[in-house]
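For reference, the structure is listed below as structure tokens.
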Amino acid sequence: MTKIVLLLCFLLGLLLLAQARDHHRKIEFYELGRGDFKLNLTNYGATIVSLATPDKHGKPADVVLGYDSIDSYKNDKIYFGALIGRVANRIGEAKFTLDGKTYNLPANDHGNTLHGGSRGFSDVVWSVESHKKHSHVTFTYDSYDNEQGFPGKLKVEVTYMLIGAHELAVKIIAKPVDKATPVNLAQHTYWNLGGHNSGDILSHIVQIFGSHITPVDKLLIPTGDIISVKGTPYDFLEPKKVATYIHELPDLYDMNYVLDKSFQKHLSKVAVVRDPVSGRKMELWSNQLGLQFYTSGQLNATEGKDGAIYHKFAGIALETQGFPDSVNHPYFPTQIVKPGETYEHIMLYRFTAN
């Protein structure tokens with residue numbers, strides 16, 4: 001009994017220490033912009049708050065779902081625009097074994113761990129390394145040993161950078177300090193190319209350059225299999241509307257795609273999304289092997305910014321990533337990064353309209 005009390009005191013101490021560290025960092029908003037292309041972010045969760053880009057008539061609109069206040073982001077359970085970590089997506093049974101030791105994590109999703117635990121990287125205040133309004137902003141975070149149960153210290157850096165007239169690059173670097181640890185970071189923006197308050201995305205036309213998926217059980221944990229999308233509602237190898245097969249799925253779209261690429265360090269086109277009404281098109285390029293395609297099935301009259309009410313299908317999340325639950329599937333590409341190694345995740349978003 002004494003050991004249990006000591007353990008609880010230790011965990012409470014770590015939580016209070018983390019909250020104290022965040023308390024000394026000021027939460028602020030940061031703008032990047034070039035002409036009619038404008039991006040707003042906050043260092044709370046290294047979060048994308050808004051992105052305005054023009055339609056086929058040259059009229060800009062904000063195409064990112066989000067909130068009006070920091071308090072709303074602090075209470076958010078949907079991960080609007082956030083940087084997710086230390087391990088994005090799900091870890092089955094909230095545990096994994098590394099080098100013979102089992103690590104227990106917060107079970108914040110039906111007995112599993114989701115998006116780094118009950119207080120992942122989306123719920124911390126990041127430091128601001130540098131900010132130039134017409135160029136970039138760089139956020140950094142030092143994750144401590146045993147944060148949310150993960151081993152070792154991890155130094156993380158994310159840079160949001162404007163390239164050209166209507167392109168956004170995101171570069172994430174993570175370096176373990178003293179222990180090997182799983183690392184799988186993701187960017188969790190919800191997109192609606194008609195405008196964040198324009199209704200649903202069922203008429204958006206999507207193409208995903210992934211011919212296989214990692215199927216899941218009823219709790220959305222991968223079974224360990226890798227199957228072809230051919231002949232299934234998950235086949236977006238050719239462009240088609242989101243609505244085409246969505247009602248054939250019991251849980252809508254929330255699936256990891258195995259991307260058709262050979263080398264992780266080279267950028268490849270991952271997905272293309274087009275809104276036929278506004279004419280906006282977004283291309284996503286990345287160096288990752290997986291893509292989570294999610295059609296916001298959990299939204300239910302969620303109060304968003306500018307008085308918007310977000311319902312089911314209000315946005316699309318396209319999260320480049322490693323495969324979910326890789327720590328428990330030895331045949332999936334590993335997410336273990338050792339001291340002296342560097343995790344690098346790059347995304348490029350290219351916006352056009354016609």
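Since the model is a prediction, treat every value here as computed from it, not as a measurement. We're numbering straight along the sequence, starting at 1.
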| Under 3.5 Å, is there a donor-acceptor pair between the N40 and S50 side chains? | yes
| In this structure, are over 12 heavy atoms from other groups packed under 6.0 Å from K155 atom NZ? | no
| task | Please check if the side chain of N108 supplies one atom and the backbone of G117 the other of a donor-acceptor pair under 3.5 Å. | result | yes
| Has the side chain of H115 got a donor or acceptor atom that lies under 3.5 Å from a matching backbone atom of N89? | yes
| Nearest atoms (heavy-atom pairs only) where G194 meets S198 | C-OG, 3.3 Å
| query | Do we see a donor-acceptor contact under 3.5 Å between the side chains of Q148 and S118? | reply | yes
| task | Kindly check if the number of other-residue, nucleotide or ligand heavy atoms within 6.0 Å of CD (Q207) is above 12? | result | yes
| request: Scan side-chain atoms only and decide if T102 and T97 contain a donor-acceptor pair under the 3.5 Å cut-off. | output: yes
| task | Check step by step if salt bridge (charged side-chain N to carboxylate O under 4.0 Å, His left out) holds for K179 and D145. | result | CA-CA 9 Å; K179 297 178 184 178; D145 184 22; 3.2 Å; yes
| query | Where the side chain of S143 meets the backbone of K153, is there a donor-acceptor pair that is under 3.5 Å apart? | reply | no
Show which side-chain atoms of residues 242-250 pair as donor or acceptor with protein atoms under 3.5 Å away, not counting sequence neighbours.
unit_1 : atom_1 : unit_2 : atom_2 : d
T244   : OG1    : K241   : N      : 3.4
T244   : OG1    : K241   : O      : 2.8

| request: Decide whether T53 and R280 meet the rule of one side-chain donor and one side-chain acceptor closer than 3.5 Å. | output: no
| query | Looking just at side-chain N and O atoms, do D325 and N328 make a donor-acceptor pair shorter than 3.5 Å? | reply | yes
| Going by atom types alone, do Q292 and Q321 pair a side-chain donor with an acceptor below 3.5 Å? | yes
| Are any non-hydrogen side-chain atoms of D36 and K38 less than 4.5 angstrom apart? | no
| task | Decide yes or no on ring pair (Phe, Tyr, Trp, His ring centres under 6.0 Å) for Y294 and Y253, but give the supporting numbers first. | result | CA-CA 5 Å; Y294 176 54; Y253 286 109; over 10 Å; no
| message | If I compare all heavy atoms of A180 with all of P151, which pair ends up nearest, and what's the gap? | response | O-CG, 3.6 Å
| query | Side chains of R90 and T113: is there a donor and an acceptor less than 3.5 Å apart? | reply | no
| Nearest heavy-atom neighbours spanning Y67 and V49 | O-CG1, 4.4 Å
| Other than L98, which residues form its hydrophobic cluster under the rule that side-chain heavy atoms must be closer than 4.5 Å? | V87, I91, F96, Y103, L105, F150, V327, I336
Side-chain donor-acceptor pairs of residues 347-354 under 3.5 Å, sequence neighbours excluded:
unit_1 : atom_1 : unit_2 : atom_2 : d
R350   : NE     : E167   : OE2    : 2.8
R350   : NH1    : E283   : OE1    : 3.3

| field | Identified side chain to side chain donor-acceptor pair (under 3.5 Å) counterpart of Y160 within the set H136, Q187, H131 | value | Q187
| note | Rounded to the nearest 0.5 angstrom, the CG-CG distance for L219 and D109 is 8.0 Å
| query | Got a second to check how far D200's CG is from L299's CG, nearest 0.5 Å? | reply | 11.5 Å
| Point-to-point distance, once rounded to the nearest 0.5 Å, from CD1 of I208 to CD of E238 | 13.0 Å
| Which ILVMFWY residues can you reach from V277 by hopping between side chains whose heavy atoms are under 4.5 Å apart? | none
| query | Shortest non-hydrogen contact from E147 to Y141? | reply | OE2-OH, 2.7 Å
| said: Counting only heavy atoms from other residues, nucleotides and ligands, does the tally under 6.0 Å from CD of E31 exceed 12? | reply: yes
| field | Side-chain cluster (under 4.5 Å, hydrophobic types only) that I84 belongs to, other residues | value | Y79, L114
| query | Does atom NZ of K240 have more than 12 heavy-atom neighbours from other groups under 6.0 Å away? | reply | yes
| field | Minimum side-chain heavy-atom gap V64-N192 below 4.5 Å | value | no
| Can you check whether L237's main-chain N or O pairs, donor with acceptor, with D235's side chain at less than 3.5 Å? | yes
| message | Can you confirm whether more than 12 heavy atoms, excluding those of E28, are under 6.0 Å from its CD atom? | response | yes
| Are any of the side-chain heavy atoms of T159 and V170 separated by less than 4.5 Å? | no
| Single-linkage hydrophobic cluster, 4.5 Å side-chain cutoff, V273 and W285 together | no
| query | When rounded to the nearest 0.5 angstrom, what is the spacing between OG in S268 and CD in Q288? | reply | 11.0 Å
| task | Output yes when a side-chain donor or acceptor of R34 lies under 3.5 Å from a complementary backbone atom of G164, and no otherwise. | result | yes
| task | Report yes or no: do H212 and D260 form a side-chain donor-acceptor pair below 3.5 Å? | result | no
| task | May I ask you to test the Y190-F80 pair for a side-chain heavy-atom distance under 4.5 Å? | result | yes
| Audit row: H345, N184, side chain to side chain donor-acceptor pair (under 3.5 Å) steps and yes/no | CA-CA 9 Å; H345 184 168; N184 181 31; 5.8 Å; no
| task | Of all the heavy-atom pairs spanning L291 and A271, show the shortest one and how long it is. | result | CD2-CB, 4.3 Å
| field | Positive for side chain to side chain donor-acceptor pair (under 3.5 Å) with K305, one of D68, D62, N197 | value | D62
| message | Starting from V158, can I reach Y30 by hopping between I/L/V/M/F/W/Y residues whose side chains sit under 4.5 Å apart? | response | yes
| Taking a hydrophobic cluster as the set of Ile, Leu, Val, Met, Phe, Trp and Tyr residues connected by side-chain heavy atoms closer than 4.5 Å, whether directly or through intermediates, do I205 and W191 fall within one such cluster? | no
| Test applied, ring pair (Phe, Tyr, Trp, His ring centres under 6.0 Å); reference residue, F236; option that passes from F209, F293, Y257 | F293
| message | With a 4.5 Å cut-off on side-chain heavy atoms, are F323 and V258 touching? | response | yes
| request: Say whether T223 and D217, considering side chains only, have a donor N or O and an acceptor N or O under 3.5 Å apart. | output: no
| message | For the OG atom of S122 and the CG atom of D76, what is their distance to the nearest 0.5 Å? | response | 7.5 Å
| said: For a 4.5 angstrom cut-off between non-hydrogen side-chain atoms, does T42 reach I27? | reply: yes
| said: Looking at T181 and G152, would you say the former's side chain and the latter's main chain have a donor-acceptor pair under 3.5 Å? | reply: no
| message | For G290 versus N256, what's the shortest heavy-atom pair and its separation? | response | CA-OD1, 3.6 Å
| Other residues, nucleotides, ligands: >12 heavy atoms within 6.0 Å of K312 NZ | no
| query | Is L168 close to I163 at the side-chain level, that is, under 4.5 Å between some pair of heavy atoms? | reply | no
| Full working for side chain to side chain contact (heavy atoms under 4.5 Å, CB included) between L83 and T47 | CA-CA 6 Å; L83 201 289; T47 297; over 6 Å; no
| Side chains of L32 and H134: closer than 4.5 Å at any heavy-atom pair? | no
| message | Could you work out, with ring-ring contact (aromatic ring centres under 6.0 Å, His included) as the rule, every residue matching H204, not counting sequence neighbours? | response | none
